[in-house]
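Read the structure below first, then the notes.
Since this is a predicted model, take the numbers as computed values, not measurements.
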Amino acid sequence: MPTSHPVLSVVVPMYDEEDVLPIFFERMHPLLDGLGISYEVLVVDDGSRDGTATLLREATGTWPQLRLVRLLRNSGHQAALSAGFRRARGDYLVTIDADLQDPPEAIAELLATAREKDVDVVYGVRSDRSSDSWPKRTTARMYYRLMCRLVGMEIPFDAGDFRLVSRRVVDAVNGLPEDGRVFRLVIPWLGFPSAEVKYVRAERAAGVTKYNWSKMFRLAFDSVTAFSAAPLRLATWLGLLGGLLCGLFVVGALVVKLSGNSVPGWTSTVLAVGIIGAIQLLCLGLLGEYVARLFQSSQRRPQFLVGYDSLEDPGHHSYAEAIDGQSPEQR
Ligand code: UDP
Ligand code: MG
């Protein structure tokens, strides 16, 4: 049986990964044993329909640190990660994909960096994306640009979901009541001291991607709506624009009417349609503003998280460290 509180929890979401599993075990097992710390591998089976569950169950016979959590149905990568965050018991938690695109060998480096620099988050950052297809690279770039703007702060570019976090971060994330969280945004947003480890992302070791276009779209949509009410405000801006155009139209229509060139009924029809359209959009925008507020308050994100309190540190020894840990070059 695994120890009750391992140092490290490795959380692996898996959806229909039977092709890659044998290679996964072969590479992961000796590597984690070699770290010389207590660990658990928490596989979150995201409702796989192929042989994944059977292979996993068989493997528990030879790998006692392997722990299985199965979701009732396919709930998506981020939801599987949420399940892993809730269930993991380690002091540190590493999330890694099952397909070995993120090198498991880098786990040791993530852990060492967290301990040396005394940071709570270590992002695995891809040093190049040549293993991704062109459309994926381009959409990813657009995604990170947009997200940096929406989140309103630096988020590490090209950091996917390969990262290490400390127990403090796990607890903070679990304490967020919001649903549909996107980890790669929520974790930088929390603002814990962080560092980066560069790595080269490999090709998928076996099998095919489980992220189809609809799932990628879902991720992008969740990312935008979780951090921005801009789409809701679209109606307000359209309404204002419509109102402005309508004003110009009124003047135009009156000029046409006064010059006597208008077809009977044209002016009143055009004005009615224009004015009503603008009013409707403005009202929708107004509703949108209230919905946005309700949405934000329903997320109930903490307004702040305290990183240091001198009462807990009478000699002020760790104050400098607490500030250092948050220096921009470490992000
Ligand atoms: N995954 C999951 N549920 C899903 C889709 C994917 O748990 O609905 C897992 C998948 O098994 C893998 C990880 O999420 O471990 C990343 O997926 P994938 O490698 O297919 O994505 P890509 O690297 O192509 O973006
Ligand atoms: Mg992958």
Side-chain angles (χ1 to χ4, degrees), residues 73-79 132-155 157 176-186 188-189 209-303:
R73 61 169 177 78
N74 181 239
S75 312
H77 183 205
Q78 301 295 311
D132 282 338
S133 64
W134 180 81
K136 186 139 193 169
R137 274 206 305 271
T138 324
T139 48
R141 188 138 298 267
M142 276 162 41
Y143 173 85
Y144 284 105
R145 286 245 167 83
L146 181 66
M147 288 312 134
C148 269
R149 288 203 148 187
L150 291 186
V151 180
M153 58 187 179
E154 284 293 300
I155 58 167
F157 255 55
L176 296 174
E178 67 190 80
D179 291 326
R181 52 178 85 107
V182 179
F183 280 85
R184 65 190 67 175
L185 301 179
V186 158
W189 179 82
T209 178
K210 305 300 174 313
Y211 252 95
N212 50 28
W213 281 99
S214 83
K215 277 182 180 164
M216 282 213 299
F217 185 75
R218 179 85 250 157
L219 182 72
F221 200 75
D222 279 347
S223 306
V224 173
T225 52
F227 280 92
S228 164
L232 282 174
R233 301 216 161 101
L234 205 64
T236 315
W237 292 111
L238 285 178
L240 285 175
L241 193 73
L244 200 73
L245 288 179
C246 194
L248 293 177
F249 228 76
V250 171
V251 177
L254 287 178
V255 169
V256 172
K257 190 174 174 65
L258 289 178
S259 67
N261 289 334
S262 68
V263 183
W266 178 81
T267 318
S268 53
T269 314
V270 161
L271 289 188
V273 170
I275 292 173
I276 290 174
I279 291 178
Q280 276 179 337
L281 276 172
L282 271 175
C283 290
L284 266 182
L286 204 66
L287 272 179
E289 294 291 331
Y290 282 99
V291 173
R293 271 171 187 65
L294 280 176
F295 172 62
Q296 272 157 7
S297 66
S298 75
Q299 283 182 311
R300 291 199 285 132
R301 286 197 188 138
Q303 272 191 298

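With sequence neighbours left out, Tyr211 forms a ring-ring contact (aromatic ring centres under 6.0 Å, His included) with His77.
Ser259 and Val256 get closest at one heavy-atom pair: OG-O, 2.8 Å. The heavy-atom pair separating Phe295 from Thr225 by the smallest distance is CE2-O, 2.9 Å. Here the closest non-hydrogen pair linking Leu185 and Ser223 is CD1-CB, 3.5 Å.
Residues Phe217 and Asn212 are not in side-chain contact: their nearest non-hydrogen atoms beyond the backbone lie 4.5 Å or more apart. A heavy-atom distance below 4.5 Å is not found between the side chains of Gln299 and Asp179.
Of the inter-residue distances, the one linking Thr139 atom OG1 with Tyr144 atom OH reads 10.0 Å to the nearest 0.5 angstrom. Distance CG/Asn74 to NZ/Lys215: 4.0 Å, rounded to 0.5 Å. Atom NZ of residue Lys136 and atom CZ of residue Arg141 lie 14.5 Å apart, to the nearest 0.5 angstrom. The CZ atom of Arg301 sits 5.5 Å away from atom CH2 of Trp189, with the distance rounded to the nearest 0.5 Å.
Applying the 6.0 Å contact sphere to CZ of Phe249 captures no more than 12 heavy atoms from other residues, nucleotides or ligands. For Phe221, the CZ atom is loosely surrounded, since the number of other residues' heavy atoms within 6.0 Å does not exceed 12.
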Please table the atom pairs, donor to acceptor, closer than 3.5 Å between any side-chain atom in residues 270-289 and protein atoms at least two apart or in another chain.
unit_1	atom_1	unit_2	atom_2	d
Glu289	OE1	Arg233	NE	3.0
Glu289	OE1	Arg233	NH2	3.4
Glu289	OE2	Arg233	NE	2.8

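No donor-acceptor pair closer than 3.5 Å links the side chain of Gln78 to the backbone N or O of Leu219. Proximity of a side-chain donor or acceptor of Arg181 to a complementary backbone N or O of Leu176 within less than 3.5 Å is detected.
The salt bridge (charged side-chain N to carboxylate O under 4.0 Å, His left out) contacts involving residues 267-285 comprise nothing, where partners must be two or more places apart or lie in separate chains.
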